[in-house]
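Written below as structure tokens is the structure these notes are about.
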Protein chains: 4
Amino acid sequence: MTKDKLIQAAIANFAEFGYQGATMSKIAKEVGIKPASIYYFFDNKEALFKEAVKVILAHHFSSMKKTYHLQKEENLHTLFSELLRSILVHHTTFQNETKAYVTMVNSPISNIKREITAYLQRYNQWLVGQLMHTISAKHPELKEEKISSLIDYFIFIGNGLFWGVVIYEKDELKKNLVQAIHLMDQCLLHTIGSEVNE
Amino acid sequence: MTKDKLIQAAIANFAEFGYQGATMSKIAKEVGIKPASIYYFFDNKEALFKEAVKVILAHHFSSMKKTYHLQKEENLHTLFSELLRSILVHHTTFQNETKAYVTMVNSPISNIKREITAYLQRYNQWLVGQLMHTISAKHPELKEEKISSLIDYFIFIGNGLFWGVVIYEKDELKKNLVQAIHLMDQCLLHTIGSEVNE
Amino acid sequence: MTKDKLIQAAIANFAEFGYQGATMSKIAKEVGIKPASIYYFFDNKEALFKEAVKVILAHHFSSMKKTYHLQKEENLHTLFSELLRSILVHHTTFQNETKAYVTMVNSPISNIKREITAYLQRYNQWLVGQLMHTISAKHPELKEEKISSLIDYFIFIGNGLFWGVVIYEKDELKKNLVQAIHLMDQCLLHTIGSEVNE
Amino acid sequence: MTKDKLIQAAIANFAEFGYQGATMSKIAKEVGIKPASIYYFFDNKEALFKEAVKVILAHHFSSMKKTYHLQKEENLHTLFSELLRSILVHHTTFQNETKAYVTMVNSPISNIKREITAYLQRYNQWLVGQLMHTISAKHPELKEEKISSLIDYFIFIGNGLFWGVVIYEKDELKKNLVQAIHLMDQCLLHTIGSEVNE
DNA sequence: GATGAATGAGCATTCATTCAT
DNA sequence: GATGAATGAATGCTCATTCAT
């Protein structure tokens, strides 16, 4: 569908040139239509990019959800490892979207910035909610604040992994994943004790 | 000096709008001169921004060096803690430069991208070189690869801290610093053993 | 058609101000559109002027061809006289194009200069080819080099006529045409002998 | 002297780029000073170029005068031949000035155009005056109108030679000179009769 | 004599957008 | 659905010129 192709082209252009650098002509050319035709699908540039942002965020959310639901029955080591791997895989696989996301985070377009900030909150809430539930089910003895701290470490480590995707080449990232998993294991060890030992 | 003010204004605009979004008029207005006057100091937009990038990177380098030389005699816990704190302090104090840096990392202007990539390498080399030297002096018994791994963890944890600066508010970052230091301590503990115990 | 009107306006502006002095605004205003609209028809200023040059040269060629084919059956005196008159008439009738041509000949825009040089060669080849054929048909007894010399004189005399158009007022030019024809007749007389005597 | 160097640079730039294309910076750079310094010597761009034009025209006049006075005692064939050769030599030797002159002829700067037109008249008057005097001295039997016509032919032939300098390469011009002299000889022959036979 | 710093005016060009078709 | 033609607004940049030093 033309509309979807436009959004994909918008993401690619956003990733490469940023919001101001992405132009309706380049996007149109990439899709094989004339710039004027974009306005049949979207009210204006901002609307197109707002939609593109939504797609990127929804895609990220669905990736994370999928991994989560596939792994939530596993032990915590596995769950966290797979979540971290998932961060890496998603962001390296959809580099365009990741680059676009990085430029968006500081976007001067308030609508877009708002979208992002809201998403970050929603995603965090979801993640914390899910993890709290899953972990407390597996380890009823753990105090809530311990779990909470664990999750915070997970998020922190995830951030390190994420930024690595932006600045390192693919092959350097494997090492980063190993490091991330190892650090997470340390946290688990300290919080829960034995479980992580294989 | 007008030239320096221009560079600062360029950084601020780059941070807020990205390369394409930053305009010579906005920059000129911020400095209190007319757009045409910028061209007395810089050949063109790209030259101005290339200079701005250099300033940002040099500034970062000097921050890190300063901390390093102040702390290199301390024990490793302190050294790493202070380096991590330094990352946080530098990037929160000079948020403009940090935001600009984030936008630059994916800059479509190849000259700028090249500058960044080169800097990242140079900085890494310096950091690794210094740490290798300092740590092996303090702990002659450690095998080189152990030290190397320690440094890698430090860099990874630093990345997490850095990305936090970009997406979190100031007060959330204190927690991040604590986490970073704690994770680093774990790494030290595993590598060196006793020293870190207070 | 807007595109044709643009080319005509470009010629007029080129004639009056030269390449650098002709501006897109002046041209647009002359056509009754806004400067930005020119770019719908032409990639840029150079492309517009390259097209304008082509039009001027093609126009000149077609004028000369037309006269040639109308007069080639006549005797040589008439043929040459009419060709000379045609030079005068074409260049005085389309003064804009002539002035533009004069400015173009030394154009610093290499694309344009190239176009001109190439045309001059092509036109000369055509002229020489045609005249050789026509004259040798009418005067089989003439050696090729005699004909060639005759043609060279014609071109030389044509040049004198041409430069007159640039620097003299219309009424002075009639005398120039008479002179040109008379000189050409002298050449014919010397080459062929009797024919020219009426 | 800097002022003279400026005029020479102005001529060179005028020749290459035309009035609008010649810039104060380029001229300043060529002379090795800064643009602002030009204004110590000339009120403004137009004044500089007006001066440059004067220099070109005066130079042309002096060239022609010199030849004239060297040759006025010779017979008419020699006199005209040398004058024609002089046209060729002057304009090929000082190509810059010739190119500048060609662009100036249609200059939109009225001061410059006026200067040129006035010069053309003055030069013509001088030429006609001298030739009338010289020829009637040598050939008292000739009616004034015959001499006048002879001079007109000379001017016409000179124009052909001049335009050749603009459009042909140096080696093609020798042929043009031979043609010019030959045509002039024909005119002499018709007007005066025997003299030209050597 | 010369220039560093600055500017108003203008230029070619781009871009998001419109609208009749 | 799509586009040809057009434009207002803005952009990076140039240029002749000024003026205090």
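Note that the structure is a prediction, hence the values are computed from the model and not measured. Note on naming: letters A, B, ... go to the chains in the order of the sequence lines (proteins, then strands), and numbering restarts at 1 for each one.
- Minimum atom distance to the side chain of K34(C) is reached by dT7(F), of the listed dT7(E), dT7(F), dG4(E).
- Contact between the side-chain N/O atoms of S25(D) and the OP1/OP2 oxygens of dT14(F) is not found at any separation under 4.0 Å.
- Distance from the side chain of M24(C) is smallest to dA12(E) among dT3(F), dA12(E), dT3(E).
- In this structure, K3(A) forms a cation-pi arrangement with F42(A), its terminal cationic atom sitting closer than 6.0 Å to the ring centre and no more than 45° off the ring axis.
- The side chain of Y39(B) lies closest to dG12(F), out of dT7(E), dG12(F), dT7(F).
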* Nucleotide pairing, DNA chain E (Watson-Crick or G-U, distances under 3.5 Å), in dot-bracket with [ ] and | -> .||||||||||||||||||||

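- To the nearest 0.5 Å, atoms NE2 (H90(B)) and OG1 (T98(B)) are separated by 6.0 Å.
- For S37(B) and dA5(E), the shortest distance from a side-chain N or O to OP1 or OP2 is not below 4.0 Å.
- For dA5(E), one of the phosphate oxygens OP1 or OP2 lies less than 4.0 angstrom from a side-chain nitrogen or oxygen of Y40(B).
- Remark: T23(D) is not in phosphate contact with dT14(F), judged by side-chain N or O atoms under 4.0 Å from OP1 or OP2.
- Here A28(D) lies out of heavy-atom contact (under 4.0 Å) with every strand.
- Residue order along DNA chain E, read from the 5' end via each residue's closest nucleotide, puts K26(C) first among A36(C) and K26(C).
- Separation of the C1' atoms belonging to dT21(F) and dG1(E) is 13 Å when rounded to the nearest angstrom.
- Listed pair K45(C) / dA12(E) meets the phosphate criterion, a side-chain N or O lying under 4.0 Å from OP1 or OP2.
- Taking the ring centre of Y119(C) as origin, the terminal cationic atom of K54(C) falls outside the region bounded by 6.0 Å and 45° from the ring axis.
- At a threshold of 4.0 angstrom between heavy atoms, the contacts of A22(B) are confined to the sugar-phosphate backbone, with no base atom among them.
- For DNA chain E, no neighbouring residue in residues 7-18 of chain A is found when judged by any heavy atom under 4.0 Å.
- Residue-level contact check: I38(C) touches neither bases nor backbone, having no heavy atom under 4.0 Å from any strand.
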